[in-house]
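These numbers were taken from a predicted model, which means no experiment stands behind them.
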Number of protein chains: 2
Amino acid sequence: MAMVSIKDVAARAGVSPGTVSNVLNRPGKVAPATRERVEAAISELGFVRHGSASTLRAGHSRTIGLSVIDIGNPFFTEVAAGVEDVVSELGYAVILGNSAASPEKEDRNLRVLAEHRVRGVLITPSGEDTARLDRLREHGISVVLVDHPAHRPDQCAVAVDDVAGGRAAVAHLLARGARSIAYVTGPLTIRQCVERRTGAEAAMREAGLDPEGLRVVRAATMTAKAGEKAAAELVAQGLPEAVFCANDLLALGVLRALLRSGVRVPDDVALMGYDDIDFAAASTVSLSSMRQPTYQLGRIATELLLDECDNPDTHAHQHIMFQPELVARESTQ
Amino acid sequence: MAMVSIKDVAARAGVSPGTVSNVLNRPGKVAPATRERVEAAISELGFVRHGSASTLRAGHSRTIGLSVIDIGNPFFTEVAAGVEDVVSELGYAVILGNSAASPEKEDRNLRVLAEHRVRGVLITPSGEDTARLDRLREHGISVVLVDHPAHRPDQCAVAVDDVAGGRAAVAHLLARGARSIAYVTGPLTIRQCVERRTGAEAAMREAGLDPEGLRVVRAATMTAKAGEKAAAELVAQGLPEAVFCANDLLALGVLRALLRSGVRVPDDVALMGYDDIDFAAASTVSLSSMRQPTYQLGRIATELLLDECDNPDTHAHQHIMFQPELVARESTQ
DNA sequence: ACTCCTTTTGAAAACGTTTTAATCCTCGTC
DNA sequence: GACGAGGATTAAAACGTTTTCAAAAGGAGT
């Protein structure tokens with residue numbers, strides 16, 4: 001329990017605490033000779049700066065919050081990797097929050113982030129309630145939306161066009177000859193699920209089909225397990241010619257359950273996922289999917305956030321929208 | 001930029017700041033009437049406690065650190081889920097660090113955690129250098145090892161028997177009739193890789209084979225991509241009858257590359273992974289693997305850590321060692 | 001020797017909370 | 001009606017840093 005403070009360092013180096021602080025934060029402002037002396041004292045004493053004291057006095061922390069919907073989903077893991085890579089050299093800490101698509105958990109996480117006075121928050125909101133995000137901003141905490149379009153102009157957001165993605169996915173299935181299509185979705189509170197569906201319906205309309213014909217199966221969560229359950233439902237009610245899943249995890253679950261029931265993919269049923277996670281290409285029947293620039297999403301969002309924090313006056317808010325890319329594999333051959 | 005402080009709340013409620021603090025931290029100590037008044041003021045003013053100030057004065061934070069080797073590996077994601085579930089109701093924050101098996105990155109992350117004066121650290125160390133962990137403890141930060149046996153008696157650790165796992169895996173391959181076996185491993189700085197190999201060699205010895213016969217292929221990282229590369233090497237140098245991978249990610253990469261080269265699994269080569277991540281069961285040829293109580297690892301480690309922090313005197317350090325379980329699937333049929 | 005810069009350092013206040021010790025009340029008891 | 005006991009509340013000091021402002025030191029020019 002060493003508890004070496006800046007004062008001890010100052011005493012050891014024969015300078016004042018203020019100078020030590022300068023060495024730490026504005027090394028340019030202090031003469032090389034003194035700086036060296038201070039640095040020596042720091043390492044001799046094993047001093048490590050008390051982040052909370054620093055945050056308290058300086059008024060801002062070196063911490064950002066990252067709130068995702070499902071940390072078990074490789075999509076978000078890859079986003080997190082992008083965030084990490086940008087942030088780690090800067091000595092920033094990332095506080096991770098997993099909302100599990102529950103507004104209450106998300107609330108609790110945001111509250112924790114607010115208490116920690118994080119510099120900013122990267123969030124993939126799990127619902128459309130923008131109020132709590134606005135409340136964060138009132139506390140001086142910047143917010144950048146990840147995989148979600150902006151709520152308002154004075155805000156950064158990095159997203160991927162989910163309507164376009166849903167349309168492309170279903171257009172692909174239709175082009176392959178499927179006429180009856182099921183859409184396996186997660187909770188309808190999740191925007192991505194809704195928009196991909198909108199796109200899917202648009203594709204049907206464009207093909208001259210009634211969008212009402214899109215059979216929607218709702219899964220409780222966007223996991224493989226939930227996908228298996230959804231597939232059971234499909235099997236019980238009679239199979240469509242093609243299934244479009246809101247997510248690769250759902251699709252992998254659907255695939256597993258279908259194969260187990262003796263349904264052949266893609267011969268009996270074609271199958272499309274979304275996100276193109278690494279495992280999509282490796283699955284039993286390799287999975288067609290919609291690829292998104294996931295890692296980039298994390299990187300760019302973080303860069304925007306940091307710019308907003310560091311240059312509040314010159315910062316230009318940006319709404320970036322990527323286009324997803326169809327990757328056709330065995331499951332829709 | 002509201003910046004409501006405890007003083008404002010106190011003024012509004014007509015009490016002193018000390019009383020507000022009591023309402024926040026020891027609600028029992030304050031009369032119901034005043035408490036209500038204070039709570040009303042809190043919500044009217046939208047007060048949120050300044051965590052750094054609290055940490056600074058109280059001497060301890062409501063934050064723990066989680067340092068993993070690869071956040072992209074579902075194994076660690078599941079550990080993280082276990083951690084999250086324990087911690088989230090307590091209002092604790094989790095600072096995530098990804099060491100990417102690099103001691104430098106791990107160092108940097110630990111430094112950040114030390115600066116933040118986290119309550120404790122959960123870590124899967126990426127090497128055997130215990131010095132920096134001891135340094136953390138000197139700063140009064142508890143450390144619990146995850147998926148790693150204890151370095152010292154006065155320390156908690158939750159691990160899985162990797163030697164036993166390696167032995168069981170290779171014994172399984174031998175029982176299936178394989179005589180030439182390759183071991184695809186990650187960096188040898190990673191203990192898990194080394195111990196699984198030790199187990200593998202033990203299994204060979206027990207079967208009357210020369211453990212030197214175990215062909216070791218080293219991959220730079222424990223990812224699917226690195227697995228593909230390793231498989232290419234195997235193919236080029238002549239295939240063994242069975243391949244044991246230190247990790248499911250490696251195994252999935254090996255599998256993908258083998259199939260692409262026209263090698264049949266398990267007919268030409270049997271394949272075993274390790275970790276039994278969700279995707280192992282879903283892959284092209286479902287993957288035999290060693291299952292570990294991953295989620296439990298995270299949960300229990302966190303509980304131990306919190307107990308150590310909250311009851312430093314009554315706390316009994318524990319070294320928990322789980323046994324892995326073999327899951328046989330198609331890849332070793 | 002003096003002034004006038006520039007560069008470097010130091011003293012002290014402030015950040016928002018927790019906590020200790022002290023004060024103030026309210027009651028019950030004698 | 002005085003006295004204490006005991007609970008509720010408060011005032012004030014601390015936690016370790018950053019930052020502002022002023023002062024000191026050093027150098028150059030007269």
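Side chain of A:T124 to backbone of A:V146: a donor-acceptor contact under 3.5 angstrom is found. Here the side chain of B:R35 pairs a donor or acceptor atom with the backbone of B:P27 at under 3.5 angstrom. Using modelled atom types, one side-chain atom of B:N98 and one backbone atom of B:I71 make a donor-acceptor pair closer than 3.5 Å. At distances below 3.5 Å, not a single donor-acceptor pair connects side-chain atoms of B:R111 with backbone N or O atoms of A:V48.
Of all non-hydrogen atoms in B:L145 and B:A150, the two that sit nearest each other are CD1-CA, 3.8 Å. Contact detail for B:F47 and B:V4: the closest heavy-atom pair is CD1-O, 3.3 Å.
Along DNA chain C, the nucleotide nearest B:S21 and the nucleotide nearest A:T19 are compared for position; the residue whose nucleotide lies closer to the 5' end is A:T19. Heavy-atom distances to DNA chain D give each of B:G18 and A:P17 a nearest nucleotide, and the one nearer the 5′ end belongs to B:G18. With the nearest nucleotide of DNA chain D identified for both B:A58 and B:R35, B:R35 has the one nearer the 5' end.
From one end of the helix from C:dA1-D:dT30 to C:dC30-D:dG1 to the other, with five pairs defining each end axis, the axis direction shifts by 60° (rounded to 10°).
The residue A:V15 sits close only to the backbone: its heavy atoms come under 4.0 Å of sugar-phosphate atoms, none of a base. A:T55 comes within 4.0 angstrom of nothing in the nucleic acid, heavy atoms only.
Listed by chain and number, the residues in a ring-ring contact (aromatic ring centres under 6.0 Å, His included) with A:H317 are A:H315 (sequence neighbours excluded). Under the side-chain contact (heavy atoms from CB on, under 4.5 Å) criterion, B:A80 pairs with B:L66, sequence neighbours left out.
Atom-to-atom distance recorded for A:F75:CZ and A:Q192:CD is 7.0 Å, nearest 0.5 angstrom. The distance from atom NE2 of A:H139 to atom CD1 of A:I141, rounded to the nearest 0.5 Å, is 7.5 Å.
Atom CD1 in A:I6 sits about 13 Å away from atom P in C:dG10, given to the nearest Å.
Within residues 24-31 of chain B, the residues approaching DNA chain D are B:V30, B:A31, by heavy-atom distance under 4.0 Å.
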Please list every donor-acceptor pair under 3.5 Å in which a side-chain atom of residues 295-304 of chain A meets a protein atom from a residue at least two apart or in another chain.
unit_1	atom_1	unit_2	atom_2	d
A:Y295	OH	A:D85	OD2	2.6
A:Y295	OH	A:R299	NH1	3.2
A:T302	OG1	A:G298	O	2.6

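Scanning DNA chain D 5' to 3' for nucleotides with an atom closer than 4.0 angstrom to a non-hydrogen atom of chain B gives a first and last hit of D:dA8 to D:dG16.
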